[in-house]
Amino acid sequence: MPLEKGSLVLVDYTAKVKDTNEVFETTREEEAKKTDLYDPTRKYEPRLVSVGEAWVLKGLDEALAKAGVGDKMNVEVTPDKGFGERDPNKVRMIPQRKLGDKADEVRVGDVVELDDRTGIVRYVGSGRLQVDFNHRLAGKTLVYDVNVIKKLDTDNDKITALIKRRIPIEDAKIKFNLSGANLDMELPEETYMAEGLQIIKRAVANDIFKFVPAVKNIKFIENYAAPQPATEKKEEGAAAKPAAAATEAKAEAK
């Protein structure tokens with residue numbers, strides 16, 4: 001049965017450029033390890049997608065709307081449904097000095113930020129740069145190897161996935177209590193200093209209100225533990241020494 005619009009699903013995929021077979025995105029760790037994309041600090045896992053809500057490229061979104069749980073697909077995404085066609089008007093020559101103190105360090109292929117836009121340097125010479133503000137995959141046909149793993153049906157599953165979408169934390173650290181229309185959510189202390197945390201919390205709340213309509217009120221809870229007194233730490237250390245000594249004595253006796 002095809003997935004309904006707005007269904008929350010977990011999808012596993014690897015995306016490549018059709019012409020070159022270059023992998024530019026994957027949710028699979030083993031696939032990532034075969035490329036320069038691999039990031040050992042990242043947790044590779046299926047991606048949360050709301051079908052028909054433009055959370056992924058249009059071509060992939062349309063394919064998911066015709067798929068069912070368990071389906072494995074190869075989806076070809078043309079530029080008009082991917083990152084668009086290349087626009088020659090987005091390639092500009094600019095004075096190299098616009099990059100400030102690091103202007104002399106710029107090389108062809110570098111990614112630069114100019115006037116709130118991201119571009120790729122295509123040419124450097126005579127005090128000028130040619131910067132391409134097209135997306136690097138503009139004009140490319142893409143191929144997605146996709147596996148639709150699971151549809152989220154329970155409120156608890158949806159809430160967990162929606163929290164992780166905005167706040168990258170381990171499942172074991174996600175704590176919440178859903179009671180009727182009220183949802184109390186406890187954030188781990190490691191997130192308290194995250195940049196833009198208030199905006200992130202608002203986004204999480206909006207997502208939950210949309211996909212879990214039974215929830216009408218959300219409370220974010222932050223718990224702070226008092227630092228352990230230095231004297232207690234010393235006492236714990238002193239208490240640990242005899243135990244360690246006893247362990248060593250047993251090891252020697254053996």
Side-chain angles (χ1 to χ4, degrees), residues 12-49 54-60 76-145 164-170 187-204:
D12 204 26
Y13 64 83
T14 295
K16 300 179 180 181
V17 178
K18 183 178 180 181
D19 292 340
T20 63
N21 217 33
E22 172 202 354
V23 175
F24 66 87
E25 188 179 4
T26 184
T27 62
R28 301 161 179 161
E29 186 169 19
E30 290 307 311
E31 290 289 337
K33 286 180 177 179
K34 300 174 185 176
T35 72
D36 294 334
L37 297 174
Y38 182 62
D39 179 359
T41 65
R42 172 186 165 187
K43 183 178 181 181
Y44 289 86
E45 60 185 351
R47 177 175 174 180
L48 177 68
V49 176
W55 287 20
V56 291
L57 294 177
K58 184 178 180 181
L60 178 57
E76 189 168 297
V77 178
T78 52
D80 59 310
K81 295 184 178 181
F83 291 99
E85 300 288 354
R86 285 187 55 77
D87 182 354
N89 293 321
K90 291 183 178 180
V91 181
R92 297 179 52 200
M93 295 295 292
I94 63 169
Q96 193 167 350
R97 64 177 181 275
K98 284 198 71 172
L99 294 181
D101 295 340
K102 296 186 177 180
D104 294 336
E105 301 175 13
V106 176
R107 299 291 182 267
V108 172
D110 286 352
V111 177
V112 296
E113 296 280 344
L114 283 168
D115 303 324
D116 297 323
R117 293 191 297 170
T118 301
I120 300 173
V121 177
R122 300 296 186 191
Y123 167 82
V124 180
S126 304
R128 298 196 302 167
L129 304 173
Q130 184 187 67
V131 182
D132 185 351
F133 290 103
N134 285 285
H135 190 283
R136 77 177 190 90
L137 296 174
K140 305 288 187 182
T141 296
L142 315 172
V143 178
Y144 281 78
D145 171 22
K164 288 179 63 178
R165 180 179 181 233
R166 305 285 185 177
I167 307 174
I169 54 178
E170 299 173 8
L187 299 178
E189 192 169 347
E190 66 199 57
T191 67
Y192 296 170
M193 299 302 292
E195 184 176 353
L197 181 59
Q198 295 307 314
I199 296 173
I200 293 172
K201 290 195 291 188
R202 180 72 259 181
V204 170

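This chain uses plain numbering: 1 for the first residue, then up along the sequence.
In this structure, V77 and V143 have side chains that are not in contact, with every pair of non-hydrogen atoms separated by 4.5 Å or more. V108 has its side chain out of reach of R122: every pair of non-hydrogen atoms, C-beta onward, lies at least 4.5 Å apart. No side-chain heavy atom of V131 sits less than 4.5 Å from a side-chain heavy atom of V91. Annotation: side chain of F83 is in contact with side chain of L57 (closest heavy-atom distance under 4.5 Å). Side chains of D110 and I120 form no contact here, defined as non-hydrogen atoms less than 4.5 Å apart. Under the 4.5 Å side-chain criterion, counting only non-hydrogen atoms from C-beta, E195 is not in contact with I200. Within the 4.5 Å cutoff, the side chain of V124 has no heavy atoms near those of the R107 side chain. Contact check for D145 versus Y13: no side-chain heavy atoms found under the 4.5 Å cut-off.
Residue L37 places its CG atom among more than 12 non-hydrogen atoms of other residues, nucleotides or ligands, all under 6.0 Å distant. Few gaps surround CG on D39; more than 12 heavy atoms of other groups in view lie less than 6.0 Å from it.
Applying the salt bridge (charged side-chain N to carboxylate O under 4.0 Å, His left out) criterion to K18, with sequence neighbours excluded, gives E76. Under the side-chain contact (heavy atoms from CB on, under 4.5 Å) criterion, A103 pairs with Q96, L99, not counting sequence neighbours. Checked against side chain to side chain donor-acceptor pair (under 3.5 Å), Y144 has no partners two or more places apart in sequence or in another chain. Annotation: salt bridge (charged side-chain N to carboxylate O under 4.0 Å, His left out) contacts of E190 (sequence neighbours excluded): K173. For the salt bridge (charged side-chain N to carboxylate O under 4.0 Å, His left out) test, no residue two or more places apart in sequence or in another chain qualifies with D80. For T118, the side-chain contact (heavy atoms from CB on, under 4.5 Å) test picks out V111, E113, with sequence neighbours left out. Contacts of R128 classified as salt bridge (charged side-chain N to carboxylate O under 4.0 Å, His left out), with partners at least two apart in sequence or in another chain: none. With sequence neighbours left out, the side-chain contact (heavy atoms from CB on, under 4.5 Å) criterion links K34 to E31. Partners of K16 by side-chain contact (heavy atoms from CB on, under 4.5 Å), not counting sequence neighbours, listed by chain and number: T14, N21, V23. Partners of Y123 by ring pair (Phe, Tyr, Trp, His ring centres under 6.0 Å), not counting sequence neighbours: none found.
The two residues K201 and L187 make their nearest non-hydrogen contact at CD-CD1, 3.8 Å. Across all non-hydrogen atoms, the minimal contact from P79 to T141 is CD-OG1, 3.6 Å. The minimum heavy-atom distance linking L197 with T191 is given by the pair CD2-O, 3.5 Å.
Atoms CG and CZ, from L48 and R166 in turn, are 10.0 Å apart once rounded to the nearest 0.5 Å. Rounding to the nearest 0.5 angstrom, the gap separating the CD atom in E22 from the CG atom in L137 is 7.0 Å. Atoms CG and OG1, from D12 and T26 in turn, are 7.0 Å apart once rounded to the nearest 0.5 Å. Atoms CD and CG, on E85 and D87 in that order, are 10.5 Å from each other to the nearest 0.5 Å.
Residue pairs meeting the ring-ring contact (aromatic ring centres under 6.0 Å, His included) criterion with at least one partner in residues 23-42, sequence neighbours excluded, are Y38-Y44. Screening residues 88-100 for salt bridge (Lys or Arg N to Asp or Glu O under 4.0 Å), with sequence neighbours left out, gives K98-D115.
Under 4.0 Å is where a charged nitrogen must lie from a carboxylate oxygen, and between K164 and E45 at least one such pair does. In summary, E25 and R47 engage in a salt bridge, as defined by a charged side-chain N under 4.0 Å from a carboxylate O.
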>> Pair K140, D19 - check salt bridge (Lys or Arg N to Asp or Glu O under 4.0 Å), show working.
In response: CA-CA 8 Å; K140 305 288 187 182; D19 292 340; 5.7 Å; no
